[in-house]
2 protein chains.
Amino acid sequence: MRPKNLIKEEAIRSIALQIIADEGLENLSMQKLAKAAGISPRTIYIKYENKEDLLIKLFIEEVLGAYEKAVLKNFDPAAPFAEGVRKLWLNGFHYLINNRHAFALIQHGKASPLLNRAYQQKNIKEGDFFGPIQQFLTLNVEAGIIKYFPQEVHRALLFSPMLDLVAEYFDYQTRPQQIITPETILACCEAVTQGILISKK
Amino acid sequence: MRPKNLIKEEAIRSIALQIIADEGLENLSMQKLAKAAGISPRTIYIKYENKEDLLIKLFIEEVLGAYEKAVLKNFDPAAPFAEGVRKLWLNGFHYLINNRHAFALIQHGKASPLLNRAYQQKNIKEGDFFGPIQQFLTLNVEAGIIKYFPQEVHRALLFSPMLDLVAEYFDYQTRPQQIITPETILACCEAVTQGILISKK
DNA sequence: TTTGTAAGTAAACAAACGTTTACTTACTTT
DNA sequence: AAAGTAAGTAAACGTTTGTTTACTTACAAA
């Protein structure tokens, strides 16, 4: 039996991400993708059931999986709160600005009903997505260091500004001066941290 | 000369928004839209140059315009900082949870290169988009009440968690218990406010 | 070295795409 | 009341869509 050509599999995924980032999800077609990857449309269907299957696997496995790994790299849930948040911010920020295509699909994941549903199902099936972060937050709530919120709310407060700053970073890449510097990121990280600390009166 | 039927114009816009919210931008087609609105495809082309023109006008005029108006309703740039932010949060949150279709297109605006470009151009042409908020922030920076950041960064810190919470609100609408309550919103609003205040030591 | 078989290709399928053509309708102006 | 005209329709344009059919290729196992 002829073995799968893994290089072609990788080409499909990376070129699909590139088209989505440059032209949007609405402009990705199977035929365009095949032509850009230098393969027959049929070959895509050997590796993926159909277009939806390709998009979902791209989003969940290729993008979210790698993003989670990058964010959690060298992260210690037992670290002091401010230090832990800083680690997560810097990991996430550096990964995303160096992986523009992945960031683009993450943004699509918040807009497209198809990807949104897939994400919700993944979150339900594997409750431990970004598990160490949940553990980290629970520890700090129980220690009376930060305010209690449901985990989704904690995530919105702590990390959604970071994603917005990545978007601004890319916007400013085409302009003469970048305003999203490493110092900006650290200052913003401190601000969100300060926001959910229980203030010592 | 036969006058334009404004009811049909409104139908095109509202049904387009509905399709985008329910099926995603990638599943909106001119023929599908015409059929759903009970009109001929040609009629859409009387009011819009082409599909891109329709999407951009929907996004900029119909959605962002109305959103800006709702957020700024009864907002006073001279109000105390915490009070002003609270007003903006409540205005925005209530508008978005009552206008699911508008929220969906705003999310697409962050993902789709077409809409993203259109937004950037609008922002460059009319520098006063969300002008009263800029004024409000400048006032509070100059008074030494809040930390200085570029306006885009201020907006990321103050408002991106709110949009994320709206997304969570809709996610939880299909589940037995809503976790994003008015109390949650107020508590989160206080957290982001606390984050950018200059702490009195 | 031959053979079995899944991986891969080129070409095609019907359906749907964005947009236009040819025509009719309804209202304003005279 | 008649004429002029932009709004509107039904049907079609050529192209592209997602997916499949019929065939070839390249490798593992025998």
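Note that these values count all heavy atoms, side chains included, but never hydrogens, waters or copies made by symmetry. Here is the naming used below: chain letters follow the sequence lines, and residue numbers restart at 1 for every chain.
Closest to the Tyr45(A) side chain, of the nucleotides dG8(C), dA22(C), dT19(D), is dT19(D). Distances were taken from every side-chain heavy atom of Ile46(A) (C-beta onward) to each of dT21(C), dA7(D), dA7(C); the shortest belongs to dA7(C). Checked against dG18(D), dT19(C), dA7(D), the side chain of Lys51(A) finds its nearest nucleotide in dG18(D). In this structure, of dG8(D), dG18(C), dT20(C), it is dG8(D) that holds the atom nearest to the side chain of Lys8(B).
When heavy atoms are screened at a 4.0 angstrom cut-off, Leu28(A) is found touching the sugar-phosphate backbone but no base atom.
The nearest whole Å value for the distance from the CE atom in Met30(B) to the P atom in dA16(C) is 18 Å. dG18(C) atom P lies 11 Å from atom CG of Asn27(A), rounded to whole Å. Rounded to an integer number of Å, the gap from Lys32(B) NZ to dT16(D) P is 21 Å. Atoms NZ (Lys35(B)) and C1' (dA15(C)) sit 12 Å apart, rounded to a whole Å. In this structure, Gln31(A) places its CD atom 13 Å from P of dA12(C), rounding to the nearest Å. For Asn5(A) and dA6(C), the CG to C1' distance is 13 Å, given to the nearest whole Å. For Tyr48(A) and dA7(C), the OH to C1' distance is 15 Å, given to the nearest whole Å. Atom-to-atom, CD of Glu49(B) to P of dG18(C) comes out at 16 Å; the value is rounded to the nearest Å.
Dashed line: the shortest gap from a side-chain N or O of Lys47(A) to OP1 or OP2 of dA7(C) is not under 4.0 Å. Between Ser40(B) and the phosphate of dA11(D), there is no side-chain N or O to OP1/OP2 separation shorter than 4.0 Å.
Between His154(A) and Tyr148(A), the angle of the ring planes goes over 60°, which puts this pair in the perpendicular group of the 30/60° scheme.
For Glu126(B) (side chain) and Asp128(B) (main-chain N/O), no donor-acceptor pair under 3.5 Å exists by modelled atom type.
Ring centroid separation for the pair Phe103(B) and Tyr95(B) does not come in under the 6.0 Å cut-off.
Cation-pi geometry between Arg175(A) and Tyr172(A) is satisfied (NZ or CZ under 6.0 Å from the ring centre, within 45° of the ring normal).
Classification of Glu190(A) and Arg86(A) as a salt-bridged pair fails, no side-chain N sitting under 4.0 Å from a carboxylate O.
Side-chain N/O atoms of Ser29(B) and base N/O atoms of dA16(C) include no donor-acceptor pair closer than 3.5 Å.
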